[in-house]
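Only one structure is covered here, and it is reproduced in the block below.
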Amino acid sequence: NAGVTQTPKFQVLKTGQSMTLQCAQDMNHNSMYWYRQDPGMGLRLIYYSASEGTTDKGEVPNGYNVSRLNKREFSLRLESAAPSQTSVYFCASSELGDTEAFFGQGTRLTVV
Amino acid sequence: DQQVKQNSPSLSVQEGRISILNCDYTNSMFDYFLWYKKYPAEGPTFLISISSIKDKNEDGRFTVFLNKSAKHLSLHIVPSQPGDSAVYFCAALDGGNKLVFGAGTILRVKS
């Protein structure tokens, strides 16, 4: 059982480049999330999708877009990467009404 | 403005002793609290949780205490083991599905 799978694990971008972070879960969860982790800041919610077909902004959505492609997949897109987006990105999923979220292994992104 | 605060960036404890990690929150709407553990190069994993209607929840070596009047919770690990060395995140829910995390505390258990 793979759980939550993120690709890629590492990425280096130049300022202004675009890229999409992929996330897939095999637990049939309705809700999916994208977080970023920065030193001293904990995990901050970027966007979330409570159920297939819906997406909502979290605490730090600027500079990002998301797509809930189907129930399994939730992607995060950086249209024009900036050095401030250098971070570790985590995707997570949970079941509606359930409190525990399951996380992927993370994507370490560096923007130079 | 951080709604969930972990004011100790790090904690060092001798193996076999008790580890106490603290967390404060400001939002009185939070009704469920969780602790996550994170090893380097891995995603956070759920450790233990507590509902706001309780003041204590225990799971093996891990106990979480909640003081609603003080808006404070703590995680006790007894006895601490070297494998407990990790980053511990406190998180809270306000009745919805969005987890709000603290900044984390690095726990080092020395053998």
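Per chain, numbering begins at 1; letters A, B, ... match sequence-line order.
By the rule that hydrophobic residues join a cluster once side-chain heavy atoms approach within less than 4.5 Å of another member, A/V111 and A/F90 end up as members of separate clusters. A continuous path of Ile, Leu, Val, Met, Phe, Trp and Tyr side chains, each step under 4.5 Å between heavy atoms, connects A/L21 with A/V60, placing both in one hydrophobic cluster. One hydrophobic cluster, built from ILVMFWY side chains closer than 4.5 Å, holds both A/I46 and A/F74. Criterion: ILVMFWY side-chain heavy atoms under 4.5 Å apart, direct or through other members. Under it, B/L93 and B/Y25 are not part of a common hydrophobic cluster. By the criterion of side-chain heavy atoms lying less than 4.5 angstrom apart, applied directly or through intervening Ile, Leu, Val, Met, Phe, Trp or Tyr residues, A/L76 is not grouped with A/L45; the two fall into different hydrophobic clusters.
Environment of CZ in A/R77: crowded, with over 12 heavy atoms of neighbouring residues, nucleotides or ligands closer than 6.0 Å. More than 12 heavy atoms of other shown residues, nucleotides or ligands fall within 6.0 angstrom of atom NZ in A/K71. Atom NZ of B/K98 is surrounded by 12 or fewer heavy atoms from other residues, nucleotides or ligands within 6.0 Å. For B/R61, the CZ atom counts as densely surrounded, since its 6.0 Å shell holds more than 12 non-hydrogen atoms of other residues, nucleotides or ligands.
For B/Y36 and A/F103, the gap between ring centers is short of 6.0 Å. Between A/F102 and B/F46, a ring centre-to-centre spacing not shorter than 6.0 Å is recorded.
Interface summary for chain B: among A/K9, A/R44, A/Q105, A/Q6, the most heavy-atom pairs under 4.5 angstrom belong to A/Q105. Ranked by non-hydrogen atom pairs under 4.5 Å with chain B, the options A/M41, A/E59, A/R108 are led by A/M41.
Residue contact with chain A, scored on non-hydrogen atoms closer than 4.5 Å, involves the side chain of B/L34 exclusively. Contacts of A/L43 with chain B are made by both backbone and side-chain atoms, with heavy-atom separations under 4.5 Å. Heavy atoms of B/A91 lying under 4.5 Å from chain A are absent altogether. Residue contact with chain A, scored on non-hydrogen atoms closer than 4.5 Å, involves the side chain of B/Q2 exclusively. Within the 4.5 angstrom heavy-atom criterion, atoms from both the backbone and the side chain of B/P44 approach chain A.
By the 4.5 Å heavy-atom criterion applied to side chains, B/F89 and A/Q37 are counted as neighbours.
The minimum heavy-atom distance linking B/A103 with A/G40 is given by the pair CB-O, 3.4 Å.
A distance-only check finds a donor-acceptor pair linking the side chain of A/Y35 to the backbone of B/L99 [under 3.5 Å].
Rounding to the nearest 0.5 angstrom, the gap separating the CG atom in B/L47 from the CD atom in A/E100 is 10.0 Å.
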